[in-house]
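All values below come from the heavy atoms of this structure, side chains included, with hydrogens, waters and symmetry mates left out.
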Amino acid sequence: MTTRWLTPAEQRAWRSYVAAVSLLEDTIDRQLQAETGMPHLYYSILAMLSEAPERQLRMTDLAEVLKITRSRLTYGVTRLANDGLVRREGCPTDRRGHVAVLTDEGMAVLERAAPGHVEQVRTALFDRLTPEQVGQLEEICMSVTRGIQGEEPGVQGEDLPWRRRSS
């Protein structure tokens with residue numbers, strides 16, 4: 001098999017992408033840690049639960065939405081449960097499954113954290129883009145996501161994070 005090396009333009013784009021994602025995640029994480037004492041992942045868990053019907057999701061579905069391993073999610077939900085922000089319950093339709101439920105206290109914490117988080121995301125990312133670039137960013141990210149998840153012909157999404165037992 002012949003290696004398909006990146007072209008100079010592809011290499012520049014790849015390195016720019018890696019730098020931007022690393023810096024953006026660090027910026028958001030530091031802001032959330034400073035204002036709420038929680039990392040971005042924990043905020044994301046609370047946010048996804050807040051948008052779900054009855055503020056609850058099956059753990060496997062939550063891992064898929066967040067694109068993380070089940071073990072990483074379990075650790076995060078356990079920490080949030082210890083703080084009273086999330087409750088973990090048995091799944092009514094599957095005895096082996098579990099459901100994460102956002103508590104009223106968790107919702108209150110999320111509501112306090114959201115304005116600062118949104119402002120940080122806006123400042124770090126969207127204030128730097130034109131409306132056209134926002135559309136392009138969405139299109140690019142959706143294309144990559146669909147390809148990796150196996151939603152395109154000839155691609156299998158068998159080894160996805162939420163299907164793995166550990167990271």
Side-chain angles (χ1 to χ4, degrees), residues 2-53 55-73 75-77 79-80 85-86 100 102 106-164 167:
T2 304
T3 301
R4 297 183 326 133
W5 297 107
L6 298 178
T7 66
E10 290 168 335
Q11 186 68 271
R12 287 191 307 274
W14 172 247
R15 289 181 179 167
S16 293
Y17 165 81
V18 169
V21 168
S22 295
L23 289 169
L24 186 59
E25 186 62 30
D26 179 66
T27 297
I28 291 168
D29 203 57
R30 282 186 293 114
Q31 175 270 325
L32 283 167
Q33 286 282 6
E35 290 186 17
T36 68
M38 77 173 78
H40 187 211
L41 175 60
Y42 294 6
Y43 176 90
S44 296
I45 292 169
L46 299 179
M48 290 303 107
L49 290 173
S50 77
E51 296 171 5
R55 298 189 326 200
Q56 61 183 335
L57 278 171
R58 254 181 84 98
M59 292 286 285
T60 52
D61 295 336
L62 185 53
E64 182 174 354
V65 168
L66 294 169
K67 311 290 186 242
I68 62 173
T69 62
R70 290 179 286 179
S71 63
R72 186 170 180 213
L73 176 64
Y75 182 81
V77 167
R79 296 288 305 266
L80 291 167
L85 307 181
V86 171
L102 181 63
M107 188 67 183
V109 166
L110 180 64
E111 288 171 344
R112 286 192 303 273
H117 171 67
V118 171
E119 184 58 34
Q120 187 66 43
V121 170
R122 179 168 298 291
T123 300
L125 180 62
F126 292 108
D127 286 352
R128 302 171 191 285
L129 303 177
T130 66
E132 181 182 18
Q133 288 172 320
V134 171
Q136 291 167 344
L137 177 64
E138 178 186 14
E139 185 178 328
I140 290 165
C141 291
M142 289 303 298
S143 178
V144 171
T145 299
R146 281 191 302 271
I148 292 172
Q149 288 185 164
E151 297 171 16
E152 293 179 353
V155 178
Q156 296 295 320
E158 311 258 334
D159 188 35
L160 297 169
W162 55 92
R163 293 188 181 142
R164 290 185 221 136
S167 44

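- Nearest heavy-atom pair, Met59 versus Ala100, reported as atom, atom and distance to 0.1 Å: SD-CB, 3.8 Å.
- Tyr75 pairs by the ring pair (Phe, Tyr, Trp, His ring centres under 6.0 Å) definition with nothing, not counting sequence neighbours.
- The closest donor-acceptor contact from the side chain of Thr145 to the backbone of Met142 lies at 3.5 Å or more, if one exists at all.
- The distance from atom CG of Leu41 to atom CG of Leu46, rounded to the nearest 0.5 Å, is 9.5 Å.
- Formation of a donor-acceptor pair under 3.5 Å by the Asp29 side chain with backbone atoms of Pro39 is not found in this model.
- Between the CH2 atom of Trp5 and the CD atom of Glu10 there is a distance of 13.0 Å, given to the nearest 0.5 Å.
- In plain terms, the two heavy atoms of Ala63 and Leu73 that are nearest each other are N-CD2, 3.5 Å.
- Judged as a side chain to side chain contact (heavy atoms under 4.5 Å, CB included), and not counting sequence neighbours, Glu139 has no contacts.
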List the atom pairs, donor and acceptor, that lie under 3.5 Å between side-chain atoms in residues 107-127 and the rest of the protein, sequence neighbours left out.
from   : atom 1 : to     : atom 2 : distance (Å)
Glu119 : OE2    : Thr123 : OG1    : 3.1
Thr123 : OG1    : Glu119 : O      : 2.9

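- Under the side chain to side chain contact (heavy atoms under 4.5 Å, CB included) criterion, Val21 pairs with Tyr17, sequence neighbours left out.
- For the salt bridge (Lys or Arg N to Asp or Glu O under 4.0 Å) test, residues two or more places apart in sequence or in another chain that qualify with Asp26 are Arg30.
- Partner Leu102 forms a side-chain contact (heavy atoms from CB on, under 4.5 Å) with one of Glu51, Gln56, Arg55, Met48 and no other, that one being Arg55.
- Thr3 is linked by a side chain to side chain donor-acceptor pair (under 3.5 Å) to nothing, counting only residues two or more places apart in sequence or in another chain.
- A search for side chain to side chain donor-acceptor pair (under 3.5 Å) contacts involving Glu35 returns Gln31, not counting sequence neighbours.
- Annotation: side chain to side chain contact (heavy atoms under 4.5 Å, CB included) contacts of Gln136 (sequence neighbours excluded): Glu132, Gln133.
- Atom OG1 of residue Thr36 and atom OH of residue Tyr42 lie 11.5 Å apart, to the nearest 0.5 angstrom.
- Shown here are the side chain to side chain donor-acceptor pair (under 3.5 Å) partners of Thr60, two or more places apart in sequence or in another chain: Arg58.
- For the side chain to side chain contact (heavy atoms under 4.5 Å, CB included) test, no residue two or more places apart in sequence or in another chain qualifies with Leu23.
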Assess the residue pair Met38 and Arg79 against the criterion (side-chain contact (heavy atoms from CB on, under 4.5 Å)); give the C-alpha distance rounded to whole Å, side-chain angles, the decisive distance to 0.1 Å, and a yes or no. CA-CA 10 Å; Met38 77 173 78; Arg79 296 288 305 266; over 6 Å; no
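- From Leu49, atom CG reaches atom CG of Leu66 across 8.0 Å, with rounding to the nearest 0.5 Å.
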